[in-house]
Structure formats: structure tokens, C-alpha cells
Amino acid sequence: MTSTNNTKKKLIEVAIPLEAINAASAREKSIRHGHPSTLHLWWARRPLAACRAVLFAQLVDDPSSDLEKFPTHEAQEAERKRLFGIIEELVKWENSTNEEVLERARAEIRKSCGGELPPVYDPFSGGGSIPLEAQRLGLPAYGSDLNPVAVMIGKAMIEIPPKFKDKEPIHPGAKDRQFYRNAEGLAEDVKYYGEWMREKAWERIGHLYPQVDLSKEYGGGKATVIAWIWARTVPSPDPAFSGVQVPIASSFLLSTKTGKEAWVEPIVDRQAKTIAYRIRHGGTKAEIAAAKEGTKAGRGANFRCLMSDTAITPDYVKSNGRSGKMGQTLIAIVAEGNRSRAYVAPTEAHERLALSATPEQKPETSLPNDPRNFWTVDYGLTTFGDLFTDRQLVALNTFGDLVHEARTQIEADALTAGRADDSTPLRDGGEGAKAYAEAVSVYLGFAIGKLTDIASTICTWHSGAEHQKIRQTFGRQSLPMTWDYAEGNVFSDSSGNFLKQIELISRVIGLNFVPAASGVEVQHDAQSVRFPIGAVISSDPPYYDNIGYADLSDFFFCWLKPAIRPVYPDLFGVLATPKTEELVATPYRHGGKDAAELFFLDGMSRAIANMAMQSSDQFPAAIYYAFKQSEVAQDGISSTGWATFLQAVVQAGYAVVGTWPLRTEMANRMIASGTNALANSVVLVCRKKEATAETITRAEFIRALKRELPPAIGELQAANIAPADMPQSAIGPGMGVFSRYKAVLESDDNPMSVKTALQLINKELDEYLGGIQGEFDADTRFAITWFEQNGLKTGEYGTANSIATARGISVESVKHAGIVDSAAGKVRILTRDELDDDWDPEDDRHLTVWECLQHLVRAHEKDGISHDTAVLLKKISAQAETVKDLAYCLYDISANKRKDAKEATAYNALIADWTELTKAAAAIHDTSGDRQIRLDI
């Protein structure tokens, strides 16, 4: 595992345009139509923009590797700026199929690779983002995964489309077109035969989806149902009403749209021991608030009985669920009204028809006994089949049967259209009529998988003010228990219908698959899979214990298996997805947290060692890792998952030469801050460790850190790395020191752990941020110390005087500077709102860095990247770098010492916008002696 000395340094080892990548990645998360993520659900996909940028930067030479062409620092920076420009265009969503932009990037890669493009391999391919982007950049793309659902997604993205590139559709009545580019013909056939399936299904089971009569309020007549809203029920715990099934509903709201509020009102008749439901519109605030609570009586499965108001406890619900006494009752019907939703009271006929459905098959795969992620088991829903209504099961079975019929029909139509009469199946490389029919049927099978995500009893009704619709099964990376659920109409034109899934899949195939190279996806474990010769590793491994991919994907596997097994019998010839070898630290599977961690470390070490052993020496490897917010909040950068992962990388024989924090998650995602949500992705840039690596002592390691880390942090600050990302970014140069040695020995001669190294790196970062305080003026240094000790609260004058005296000033000096208020023996720092509105740094004769920063933060909080904020930055340009240093310093104090998230956010946001603010300030000119400012547009 030696590393050659003549390898060229790649761009990713020196610098990448993080802000542009992060902005494009965050924006991409809100794009649905045509995005490959809509082909089929997979968890924690990396954004395509980030994958594309990382691959480009892995393969393209950094200018510093060609000193003849770029002999000076200035020349190198100019060339980097040019390469950054290519990346900035490359990451834009609208350019993901722009051949001109893509070809510019491909040409740059070819130039750095001597015209011979290396294969890219991702041994944890998952949702397929990395192989797809490698293929888009013209690189031979290879992926593998242990999970058959992930492998099937990979095949559908990179392996199947190139086989039928630029070919016309074969369906009857296809329109004459001069050109079909990429996979457009394939997409058109998927849409045609998906519609064919829908029509056949309607003929067979359409009677199970009747229309509903609308009231005069909605214009009368009949309307197509969008969804039936059900509530689960249990027998009343009150002996007087023990024969009554009472609803356990988390909400009775149907619409919260202003002026169009709608909700379910239960009508309780205690004499008759019956509960009926009617639809109410409008209502008082108290009525709406009550409807919002449903029959809930606290958190979790705590409810109240509508008949007697008796408490329904979680244990009571679980007991009835496990004994088969949990039922369901129809509480509302949502229909397609005239330009809006129509809400209709339930009818006995609709309820009876739904309950009359008799499915021939039901998935019997057991749900895992994982209370962290699978909550239904405790309530008697123990198999994947239990998560669907009988009507949903009938529909899914019907569509599954039709996939096989469609496959036969497509092959006949393909032969009629002139495709080769070749019996070679798709899995063996076939490209004739049989293989094409199998290919189209794969995507039709995916539509069933996608339909299950919007057609299970985990789906609930979203009553939001903007959109009222069915929520999907996987709003998070778990299967929660739901109490009231929405059963969609698979034949409607609204959420939950089958054709919507076909349209999404067809659009992805036609718009986003640009197969500029071959693609191969196989099922294999990462520890022993064989890579192509000279492979470049770019991979997104599982994240310690974040997501149980295998358990979750069984939800889809049990439906994809009957539909796609004839095409890929080896992939779908097992009862469920492989669990034992899955590289996730799942405590319930391994008998505890410690055993799970050992399993993960051993398996990940072997997987990454396999990468290091087989990958090319000429290119660095890029390995993604995603922090959990709860980990970072509790342990900082030395968190268990992160340290365990890095330990595996170092033990595998890699030296970490860089870490780049990629902000790839939307701020408004469903899982909020403080849970196990993925907070931030970090790309580890790794090179194979030199065979001649030495062993050093702890003291030598610390000396090397003190020597090398400060200038590296300074460069990161100069690149405007956000303060929140600085700890992760500083790991790069810090681990670069640690991992280039064979070992770092502690005083007892045992090797230092990665966790200890991370703690030392973090300590050096703290010392660096503390050390830069000496560069500030005395008044600012006073304010920093006072803020660290007291925040914005009042403190004793005597303490303040001691702090000021130690800095050679007085409290009066700080007060004169406009930083503090001092009166009646008390001192406090002025809040930003209390600062002088008329303050002008050019007129201030007692100017401090503290004031400059606080005024700039106030302007930025108010207006963001505005003309006024840019003007202010222009006026303090002489102090700009010092002001930025202070922002880093105060972020560290706010976030890590005072735990003041609001204050920390203000400084982080300013630095995140610093580059754009600087550009805006540079465009402002002082045009005359009257100090008027104009902005160059």
C-alpha cells in the first residue's frame, strides 16, 4: 500500500468552492420533478450537486502540481478561480443536463487524466448518486451494495439507460420524432405501459373505489374520492361501554386554510352507545383547537374515551392491539371538489365496501423488533402486510400481477416495432425485445414500490393551510405508529394515485438520465468486492447507527420482489434483505451498544482497507460522513460515531489529507434540530499512507499540531468557512498530521486513539481562537472577556474594573467607546438594539473592532446582503479581516461556552454571507468629497 511520490495533487486536496456547492446542494433538496430521488425512495441520498463537484475536484489537477505552467502563488490562484468557475456552473440544477457545461467539465477531467478516464467505484452505492454523477461526467461508473433494493435502484439509474440510449419507443401509436436523445424513448414507453396498467386495473378493481355524493354546499353531484380518513379504534375501557369501539385519533382537522377550515365532529349518543361523525366548517378558535387534539390526552398513546371520558392509556392500547381488538372506523371522506377539496361525512356504504375487499396475498415478513425505529410492533401490527388496509393490498397485488402481463405485451410490441428477436435476458446483457420488455417492467415495478410509500396505514392527512394532501409513509427514517390515517384513491388525479408514480418515474428517466459512459451495479459486500483496475473511490458509507437500511427497505422489498423477481431472480430470490452483514451499529441486532460498535468498526475497517488496497494511487479517495446533530451537540467533533468512523479510515491505511463540510440538508426538514437527523456531511479526502511512515510520541504530535494547525485554520478562515463548520474543517489538517504517521504513542507506549487525537485537535482550535484575541484593541478584549463571563447580563463594577485594568484601560474607556453601560455599581454590555443608530465608523474617534462587528451583525440581521450592509462593510474595510476574526471568536464563545444558539447563529450567518458581502462592498465607490456612496450594478 505504498504511495507514489510523483502523484499530482488534486484540486480537492487544496481548495473547493464550498459556498457554491452548499448553496446548490441545499436548493436541490427542494426540487422534486425530474430529480433522480423521485425514481424510488432511498434514505440519506447525497445531493447530486455535491457528488458532481467532489468527483470533478478529485480528478482535476490542482495548479500547484504544475509549477512550470503556474510558477507563482498568483498564477495558481488565478487558475483555481477558473476551475472554481467550472464547478460553480456544474453544480447548478439547471445545468445537470446541459451538454455544453458538462462537456467543459469532461474536457478538464480528460486533460488531467491524460485522456484516459479512470473508472469510479462506490462500494456503498445506496441511492446511486455518486455512480450516476460519475456517468454524467463521462466516467465509467461502478457501484455495489449489499441491499438488493439499493442495487435495483442503481441498475435502473446507471446500467439500464445506456443499453437503450437514443432509441425510439416501441408502443403502438408512438409519435414520429426525428431524434430521441438519451433515455427519452424508454421514458415514453414507461409512461404508456403504466397508463395501460392503470386502465386494466380499473377494469378489475374499480368497483372498490366508488364516487361520493357532494352536498349542495359543494355544488352537488358525484365526485371522485381523493382519500378516506380512518381512525383506529379500541373497546371503551369503561365497563358500561365495553362493547363500543371508540376512536383513538390524533386529530380531527381536515383543513386549516383560512376561510376554508374543515374538521370532523364526533356525535356521541351514550343512550344508543353509538358514535357518528359529521363535517364542520369554520368554527370558533376553541372548536378548532379541540379538533386539532382529536381524542389525544397527552403524548404518545394517551387518549380519552369519547363515551365516558375515561383515560385510555398506552398499555391499554398496546394490550388491545396485540390481542387483535384494535379496529378502524371511517371518519371522513375527501373528494375532488370544484377547484378545492370537498369534505364529506362517512357513509355506511363506503365503509362496508372498503372492508369487503379480500386480498389474495399479504406480505408475511415480520417487522423487526427495533423499538427505536419500528413502533407498530407493540400495537399488534407485526408484519409488513399489517401496515396496509385490505383494499390497499388488493390494489397492490393487482398492479403487481399487471407488471407481468405488461412485460409480455411490451415484448410483443417491441418485436412488432422491429427490435431484435433475441432471447438473451436483461441480466445477461441482452438488448433485444425480451431485454427491453424486462427493462420497462423494472420501472413499472418501481411504481408499485413508490405507491406503497403513499398507500399504507402509516400515511396521515396533512391539513395544512397551503396544501391538504396525504403524507407519505416515510416522513422520517422509521416506521412510526399512526392513529388516524388517510387511505388514498389509486385511481384519482390527486395524491396517492398510481399514475402520479408513473409520471414521476417517466420524467426522471427522460429528463435526468444522461448516460455519457457505461454503468455497472452489482450486489456485494464492501469488504470483499473486487474493483476495476485503477478505480477512483468516491463513496458514501452508512453512518454508524443512523439508519437501519435493511430493516426499512424490507417495506419495499416485499412488493418489488414479486414484480421484478423474474427479471433479476438472484437479487430477489431471498425472503428479505440481508441483515447480518449490514454495516450499521444496530444495538438490538448485536446484543448491545458496545458489541454493535465493535461490529461496525471491524466491518468498516475491512471495507475501507479493501478500498485502500485496490484503488488507484494517482487519485485521492473521497469518503462521505454525515454527523448526527445529537452527536455534535453532546460530544463535539470527538463524538463516538465520528471517532469510530475515522478510526476505521486510519486503521485501513489511509492518511486523511482534507475534510470539507458540505451543508446538504434543508433547514426546514421534518426532523428538527436536536434529534438523530443528519446535520452536516463531511467529505474526507484520503491518500494511501506512505510505507515509510514513522512512529512519534504524543509530545511530538502536539508540537506538530501547534506548528501546522494555526496557518491551516487561517487559510480556512480566509476561505470564509462558516464558524459552525470550522471544527469539522479543522479536522482535515489536524488528522493530516495524525494519520501521516504509522502511530502516535502515548506515555504508556500504547497507540493514541483517533478520539484522543480529535480532542487534541479541538483543543488547539480553541487555543487558536483564543489566541487571536491578542490582535484586537483593548476595549474589544475587555468586551470579549466580559461577554464570556456574563453574556449580556449585568455584573459587578469591581469585576469589570479588574478586567479593564489588566488590559491597561478603564471601564470608562469601554463606556466611552459605546460598548457598555455603567451605572450604580453595575456594568453590562449594550445589546445590538441599543447601539447608536447614527453611528458612522468614519466619524468615530474611539473606533473598536467590537463596535464594527456588532453594527455589521445588526445590519445583516435586519437586511441580509443588502446595499446598506455592503456600505457598512465598505466603510470598515480597514478592519474587515479583524472583524471577521472576532466573529469566529464570538461564535465559539456563544456556541460552545455560553450555549447561546441565537447569538451564535448571528455570527455564523454573517460569515456564511461574507464572500457575497465582500463582493457587494467592492462594487461600491466613493464618488465625491460629499461622501455619497454609489453601487456599481
Item to check | Reported CG-to-CG distance for the pair N373 and D370, which is rounded to 0.5 angstrom | outcome: 4.5 Å
Next on the checklist: Would L758 and M735 count as a side chain to side chain contact (heavy atoms under 4.5 Å, CB included) here? Give the steps.
Outcome noted: CA-CA 8 Å; L758 288 173; M735 285 302 298; 4.3 Å; yes
Checklist entry - For D602, what residues pass the salt bridge (Lys or Arg N to Asp or Glu O under 4.0 Å) criterion, not counting sequence neighbours? => result R606
Checklist entry - Do any pairs count as a side chain to side chain donor-acceptor pair (under 3.5 Å) and have a residue in residues 695-705, sequence neighbours left out, and if so which ones? => result T697-E700, R698-E746
Checklist entry - Less than 4.0 Å between a side-chain N and a carboxylate O, is that true for E13 and R687? => result yes
Next on the checklist: Checking S528 now: which residues fulfil side chain to side chain contact (heavy atoms under 4.5 Å, CB included) with it, not counting sequence neighbours?
Outcome noted: H524, D525
Checklist outcome for this item: Looking only at heavy atoms, the pair that brings A612 and K688 closest together is O-CE, 2.7 Å
Checklist entry - Among side-chain atoms of Y624 and D122, is any donor-acceptor pair under 3.5 angstrom? => result no
Checklist entry - Is there side-chain contact between P368 and Y588, with heavy atoms separated by less than 4.5 Å? => result yes
Next on the checklist: Quick check against the 3.5 Å criterion: does Q614 have a side-chain atom that pairs as donor or acceptor with the backbone of V529?
Outcome noted: yes
Item to check | E28 (side chain) donor-acceptor with P47 (main chain) under 3.5 angstrom | outcome: no
Next on the checklist: For a 4.5 angstrom cut-off between non-hydrogen side-chain atoms, does L684 reach F645?
Outcome noted: yes
Next on the checklist: Please check this pair: side chain of D62 against backbone of S65, looking for a donor-acceptor N/O pair closer than 3.5 Å.
Outcome noted: no
Checklist outcome for this item: When rounded to the nearest 0.5 Å, the distance separating CD of Q477 from CG of D551 is 13.5 Å
Item to check | Note, M752 side chain near L745 side chain (heavy atom, < 4.5 Å) | outcome: no
Checklist entry - Within the side chain of T72, is there an N or O that forms a donor-acceptor pair under 3.5 Å with the backbone of A75? => result yes
Item to check | For the student: nearest non-hydrogen atoms of V91 and A20, plus distance | outcome: CG2-O, 3.9 Å
Item to check | side chain to side chain contact (heavy atoms under 4.5 Å, CB included) against P733, all qualifying residues, sequence neighbours excluded | outcome: L709, A712
Checklist entry - Are L910 and L853 side-chain neighbours, meaning at least one heavy-atom pair lies under 4.5 Å? => result yes
Next on the checklist: What I'd like to find out is whether the side chain of Y121 reaches to under 4.5 Å of the side chain of S144, using heavy atoms alone.
Outcome noted: yes
Next on the checklist: Rounded at 0.5 Å granularity, tell me how far CD1 in I87 sits from CG in L11.
Outcome noted: 5.0 Å
Checklist entry - Taking Q58 for the side chain and P620 for the main chain, is one N or O donor matched with an acceptor at less than 3.5 Å? => result yes
Checklist entry - Can you list the residues that meet the salt bridge (Lys or Arg N to Asp or Glu O under 4.0 Å) rule with E19, with sequence neighbours excluded? => result none
Checklist entry - Where do T659 and S729 come nearest, in terms of heavy atoms and distance? => result OG1-O, 3.1 Å
Checklist entry - Do you know which two heavy atoms are closest between V584 and H590, and how far apart they sit? => result O-NE2, 3.9 Å
Item to check | Electrostatic pair K706-E764, nearest N-O below 4.0 angstrom | outcome: yes
Item to check | Residues that F124 engages under ring pair (Phe, Tyr, Trp, His ring centres under 6.0 Å), provided they are two or more places apart | outcome: none
Item to check | Stepwise salt bridge (charged side-chain N to carboxylate O under 4.0 Å, His left out) check, E582 with R589 | outcome: CA-CA 10 Å; E582 183 188 33; R589 190 179 294 152; 3.0 Å; yes
Checklist entry - Would you say the side-chain atoms of K10 pair up with the backbone N or O of L59, donor to acceptor, closer than 3.5 Å? => result yes
Item to check | Q717 backbone acceptor or donor facing K884 side chain under 3.5 Å | outcome: yes
Next on the checklist: On a heavy-atom basis, which atom in A585 and which in F600 lie closest, and how many Å separate them?
Outcome noted: CB-CB, 3.9 Å
Next on the checklist: I'd like to know if E690 pairs up with K742 as an ion pair, taking the criterion as any Lys NZ or Arg NE/NH1/NH2 lying under 4.0 Å from an Asp or Glu carboxylate oxygen.
Outcome noted: no
Checklist entry - A904: what forms a side chain to side chain contact (heavy atoms under 4.5 Å, CB included) with it, not counting sequence neighbours? => result Y891, S894, A895
Item to check | Any donor-acceptor pair under 3.5 Å from S616 side chain to Q618 backbone | outcome: yes
Checklist entry - Can any side-chain N or O of S112 pair as donor or acceptor with the backbone N or O of D61 at less than 3.5 Å? => result yes
Next on the checklist: Test of understanding: with salt bridge (Lys or Arg N to Asp or Glu O under 4.0 Å), list the residues that count as partners of E77, not counting sequence neighbours.
Outcome noted: R80
Next on the checklist: Quick one about T780 and D777 (side-chain donor to acceptor, distance below 3.5 Å, no hydrogens or angles considered), yes or no?
Outcome noted: yes
Checklist entry - Looking only at atom types and distance, does a side-chain atom of K897 sit under 3.5 Å from a main-chain N or O of D892, one as donor and one as acceptor? => result no
Next on the checklist: Applying ring pair (Phe, Tyr, Trp, His ring centres under 6.0 Å) as the test, list every pair that has at least one member in residues 755-775; sequence neighbours left out.
Outcome noted: none
Checklist entry - At their closest point, which heavy atom of P661 faces which heavy atom of L18, and how far apart are they? => result O-CD2, 3.2 Å
Next on the checklist: Using salt bridge (charged side-chain N to carboxylate O under 4.0 Å, His left out), reason through R46 and D540 one step at a time and then give a plain yes or no.
Outcome noted: CA-CA 8 Å; R46 293 307 96 208; D540 182 21; 3.3 Å; yes
Checklist entry - Are a donor atom and an acceptor atom from the side chains of N147 and D145 found within less than 3.5 Å of each other? => result no
Checklist entry - If we only count heavy atoms from C-beta on, is the L139 to P118 side-chain gap below 4.5 Å? => result yes
Checklist entry - Any chance the side chains of S753 and T756 put a donor and an acceptor closer than 3.5 Å? => result yes
Item to check | Partner residues of E581 under the salt bridge (Lys or Arg N to Asp or Glu O under 4.0 Å) criterion, sequence neighbours left out | outcome: none
Item to check | Partners meeting ring pair (Phe, Tyr, Trp, His ring centres under 6.0 Å) with F701 (sequence neighbours left out) | outcome: F738
Next on the checklist: Going by ring pair (Phe, Tyr, Trp, His ring centres under 6.0 Å), name the residues that satisfy it together with F776, two or more places apart in sequence or in a different chain.
Outcome noted: none
Checklist outcome for this item: Interatomic distance, CD1@I772 vs CD@E775, rounded to 0.5 Å, equals 8.5 Å
Checklist entry - Do Q527 and N610 have side chains that get closer than 4.5 Å, going by heavy atoms? => result no
Next on the checklist: Does K763, at its NZ atom, have more than 12 non-hydrogen atoms belonging to other residues, nucleotides or ligands within less than 6.0 Å?
Outcome noted: no
Item to check | Crowding at NZ, K579 (>12 non-hydrogen neighbours, <6.0 Å) | outcome: yes
Checklist entry - How many angstroms lie between atom CG of L552 and atom CZ of R476, to the nearest 0.5 angstrom? => result 12.5 Å
Item to check | Pair W42 and Y549, ring centroids less than 6.0 Å apart | outcome: yes
Item to check | Spatial distance of atom CD1 (I702) from atom CD1 (I696) [nearest 0.5 Å] | outcome: 10.0 Å
Checklist entry - Taking the side chain as C-beta and beyond, is there a heavy-atom pair between F531 and P123 under 4.5 Å? => result yes
